[in-house]
Amino acid sequence: MAKADAEGMVEAAIAFTTIIKDRLMSPSDLQACLLPVITRNINKEKSDEEVDAWMRAMFALVPLLDKEVLKSEVATLALSKGDVAESQVSRAICARLLGALAKQLSRDEVERLFFKKAMAMCQDVDAGIRVAMAEQLLPIGQAVGADMAQEQVLDELLELLMDEEVRVRADALRSLTGLIDAGLLKGEAVKGRVLPLLRVLMQPSLLEGPSSGGNDLQKALAGCLPMLLTACKGLFETGDAQIALVCFRERLGCHGDGELRRAVVCAAPAFIKAGAAMGLGPYAKEYHPLVSSLLSDPDETVRAAAAERLHEFARVAGADAGATLTRATAAVLRDSCDAVTAAALPMLSVTLTALAVGLNDHAREHAMADVVRALVELEARAGNLRWRAQAGVAGTFACLPRALSPEQVYAEFVPMALRLLSSGAASVRPAAAEGVAQFLRYAGKKERARTDLFLRLVREFARGRSCGARQAFVPVAQHMIASFSSRFVKDWLYDLVLELLYDPVPNVRISVSHLLPSLKQAIRLPEDVDLLERLNNAMSTAMTDTDRDVSLCGRAANETFKRVAVRMGVGTQVVEVNGLGGSSGFEAMDRKREEEEAELGLFSTEHAAEIRAELGPVVVRKRSGVPILQPRSGGGAGVSGALSGLAERTSVERSSGSTVTARLAAAAVAAARAGGAARGPGSGGAAAAAGPLPRASAALLRGGGGPGSPGPSGGAASPSSPARVGVGVKAGGGVGGLGALSAGAGAPGLPGLGRAAAGVLGSGAGARPGAGVGSSPGGGGTKTPLSSPSARFGAGASPTAATAAGRAGAAATAATARRPGPVTPPR
């Protein structure tokens, strides 16, 4: 570093500052390694740029140093630089270091070490030293307390406030305002000594035109006036507040310097709020002319600064905002400078909400008509190339139902939101999805429009031809789950979400897998047992998906799924069972949403019937592409053929337990085929089921659903809970067959899921082809009760024989798995 040039030294100082701020070293290491280097370079006093860079590094390091080091090294360095014989740069370094030290030392230490030296430096003949000391009097006054601040620090500040140098007066005013705002100067000290001087500073003779220091004093006064109005509220004499208002509004806000007007913009919301607290008059009369002139300023930077604070102006305007600021808001949205519009967009939703305060529906529609047209024009100008403007417009969708009339929302913004949802940029779609969900909920009395919107979501998105449209429906569903009651979710959204879990496109399945934990929170036992069973099966399907990415996302979602508690109870008496994460307050919020939806009247009976007809019966479709083993040789055709017909059933009514039936049938087919291939016609076999089996009864297999006991994930018929299913066999020709399947737990490679243990399927001599299982299509005959020996072991068969057959079937299945036959997807 000794040979580095000025630019290299500046970069080194910046690197040291970064190390200190990011705490990349311990305080002891910083003190031992960096403090000597920083001190040495400050002592060199080369160029002003180098000194400033090393001083910033010192200011970042000072709070991390021990007090003893501060007093022995840093204070010594500062005092050595403050001698009268030293250069102006050295004395300025001393002044800046004294202010940094004052923040870290106690009152006694400051008074003992350097307080008198600091007061003496306020009288320095060099204006730069006085500027530096005027800045540091605020931390020094805070360190020594109220008594010494009023007795000694105030005297120096008032003297500096009348300095011939404008920069000194500006910095002294900031420090004085800071001490008043901190409560260190109050009472008679302010009323008798500060306010008279403040009146002098607000005189036109001192504020008109630039001086040798530019507009520093005017900018300082613009920033300090709001704080002074608030801190000195009870100390102003009659007419003082009006003088301040005229000074801020006419002499500062209408000044010719653009930088000063930007300073006025920054301070205007606080000044309006403070003036309203003092009773200076209503917004429309006293402040709106200033705000309007700033929003239409000829300088683009001033307009952009005003547009950035448009939401603050709308808030402080209160009930007058709708009548005064709607036209100005529309003008900002139509501004020819893109920077002005871009500055207003991030907080435009807050602005629109504030504009609608205090307006009834008719007045709101009339007052906001110009803003609506400006928003539509802005989105049309943006097109697809200016997606940031589109995202800003879409960000307002969620608040529009509360800011506009339903007619305006459904005429202008619903088509826009659906278009952006289907073809907008990726950054635009999330905001559009939230807006669609809010439009659907808060449609006012336009019930037909709500129904049409929901039907469009179903036809064009949830069941659309494009995978992008189906994937776009997922964030809409996510916001609907977060905004609507559990009853609405279960009635209108549940089946649509589960349908997408069987989508042929992996990206759609990945997106929808993250919604399953949210759906679980809507479940409430005991009335939703069948929904919980289907949800558990859906979670299992996601975890065992043939696509690796979908499976990984499903397993990640399952970690959240397990932590979601299930509500159980009747009426208002609800407890949470299972799960590791409670949902405190969810029940009360859900009841509130349900009551609000009852008041809104979401769907009438006629419209609800129309939607149900569109949705159709509850369907659980099997995803294509799942291989099923085919028999490699003849045998077992009678039972296998009948069971294949049962496995190919892809949809039944919700109460019939469709997923359970399909999986049991697939497991029985696999067992029959594997056993038949191993032993030939008319012999039993064993096989592992082709998927997780929830707990079910024989009645469920025959068509009557029967829920099992709650599993570890918090729901009935958990995939990981052990189950045993009996399969009734139709007897034909006086010969009975056996169908017993056992579902075990802990299948290797399927975390959290169960597997089917060895299933024994035996049949006696003369079993005719085409005999069906349960109620599946097959031959006639009578159903053998599950409890009879013939149903458990088959006519003429013994438990020992059945067990032996099962072992043989298991061996055959293992051999078949090692040498897989041709695969065909199910219909």
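As the structure is a computational prediction, the values presented were derived from the model and not from experiment.
- The CG atom of D549 lies 8.5 Å from the CG atom of N507; values are rounded to the nearest 0.5 Å.
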* Can you check side chain to side chain contact (heavy atoms under 4.5 Å, CB included) on V497 and L519, steps first, answer last? -> CA-CA 9 Å; V497 172; L519 286 182; 3.6 Å; yes
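- Here the side chain of R463 pairs no donor or acceptor atom with the backbone of V458 at under 3.5 angstrom.
- Of all heavy-atom pairs spanning F397 and F413, the tightest one is CE2-CD2, 3.8 Å.
- The pair D495-R534 meets the salt-bridge criterion, with a side-chain N (NZ, NE, NH1 or NH2) lying under 4.0 Å from an Asp/Glu carboxylate O.
- A donor-acceptor distance shorter than 3.5 angstrom exists from the side chain of N537 to the backbone of E533, with no hydrogens or angles considered.
- Taking both residues in full, the closest heavy atoms of I510 and C553 are given as CG2-SG, 3.5 Å, listed atom of the first, atom of the second, then distance.
- Side chain of R450 to main chain of F603: no donor-acceptor pair is present (N/O by atom type, distance under 3.5 Å, no hydrogens or angles).
- Put simply, the side chain of R419 never gets that close to the backbone of G424: no donor and acceptor are under 3.5 Å apart.
- Closest approach of V566 and K520 over heavy atoms only: CG2-CE, 3.3 Å.
- When only modelled atom types and interatomic distance are considered, Q478 and S518 share no side-chain donor-acceptor pair under 3.5 Å.
- By the 4.0 Å N-to-carboxylate-O rule, R591 lies close enough to E587 to be salt-bridged with it.
- For the pair R470 (side chain) and R465 (backbone), a donor-acceptor distance under 3.5 Å is present.
- For the residue pair R441 and R593, the shortest heavy atom distance occurs at NH2-O, 3.6 Å.
- Taking the side-chain contact (heavy atoms from CB on, under 4.5 Å) definition, one finds that S405 meets it with E365, E407, Q408, sequence neighbours left out.
- Using a cut-off of 4.0 Å between Lys/Arg side-chain N and Asp/Glu carboxylate O, E610 and R448 are scored as salt-bridged.
- Considering CG of L602 and OG of S485, their distance stands at 7.5 Å, rounded to 0.5 Å.
- Remark: the backbone N or O of L400 is not paired with any side-chain donor or acceptor of Y442 at under 3.5 angstrom.
- Side chains of V436 and L440 form no contact here, defined as non-hydrogen atoms less than 4.5 Å apart.
- Rounded to the nearest 0.5 angstrom, L421 CG and E434 CD are separated by 12.5 Å.
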* To do: Report the C-alpha separation of L525 and V529 in whole Å, then their side-chain angles, then the decisive distance to 0.1 Å, and conclude whether the side chain to side chain contact (heavy atoms under 4.5 Å, CB included) test is met.
  => CA-CA 6 Å; L525 299 179; V529 156; 3.9 Å; yes
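- Take V350 and apply the side-chain contact (heavy atoms from CB on, under 4.5 Å) test, not counting sequence neighbours, and it matches H311, R315, M347.
- Rounding to the nearest 0.5 Å gives a distance of 10.5 Å between CG of L516 and OG1 of T560.
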* For side chain to side chain contact (heavy atoms under 4.5 Å, CB included), just list the numbers for L418 and L453, CA-CA rounded to whole Å, side-chain angles, deciding distance to a tenth of an Å, and then say yes or no. => CA-CA 9 Å; L418 293 176; L453 176 57; 4.0 Å; yes
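- Under a cutoff of 6.0 Å and an axis angle of 45°, R612 and W492 form a cation-pi pair.
- Judged by distance alone, the side chain of S551 and the main-chain N or O of T544 form no donor-acceptor pair under 3.5 Å.
- The distance from atom CG of L455 to atom CD of E460, rounded to the nearest 0.5 Å, is 10.5 Å.
- Closest heavy-atom contact between S349 and T396: N-CG2, 4.1 Å.
- In summary, D590 and R524 do not engage in a salt bridge, as defined by a charged side-chain N under 4.0 Å from a carboxylate O.
- Contacts of F473 classified as ring-ring contact (aromatic ring centres under 6.0 Å, His included), with partners at least two apart in sequence or in another chain: none.
- A donor-acceptor contact shorter than 3.5 Å links the side chain of R429 to the backbone of S422.
- Taking 4.5 Å as the limit, every side-chain heavy atom of R555 sits out of range of all side-chain heavy atoms of E559.
- Looking at R509 and D547, no side-chain N of the basic residue comes within less than 4.0 Å of a carboxylate O on the acidic one, giving no salt bridge.
- Looking at E596 and K592, no side-chain N of the basic residue comes within less than 4.0 Å of a carboxylate O on the acidic one, giving no salt bridge.
- Using a distance-only test at 3.5 Å, with no hydrogens or angles considered, no donor-acceptor pair links the side chain of Y410 to the main chain of A449.
- Minimum heavy-atom separation, T353 to C399: OG1-CB, 3.7 Å.
- Looking at Y494 and I523, their side chains come closer than 4.5 Å, going by heavy atoms from C-beta outward.
- Note that CG of L457 is 7.0 Å distant from CE of M480, once rounded to the nearest 0.5 Å.
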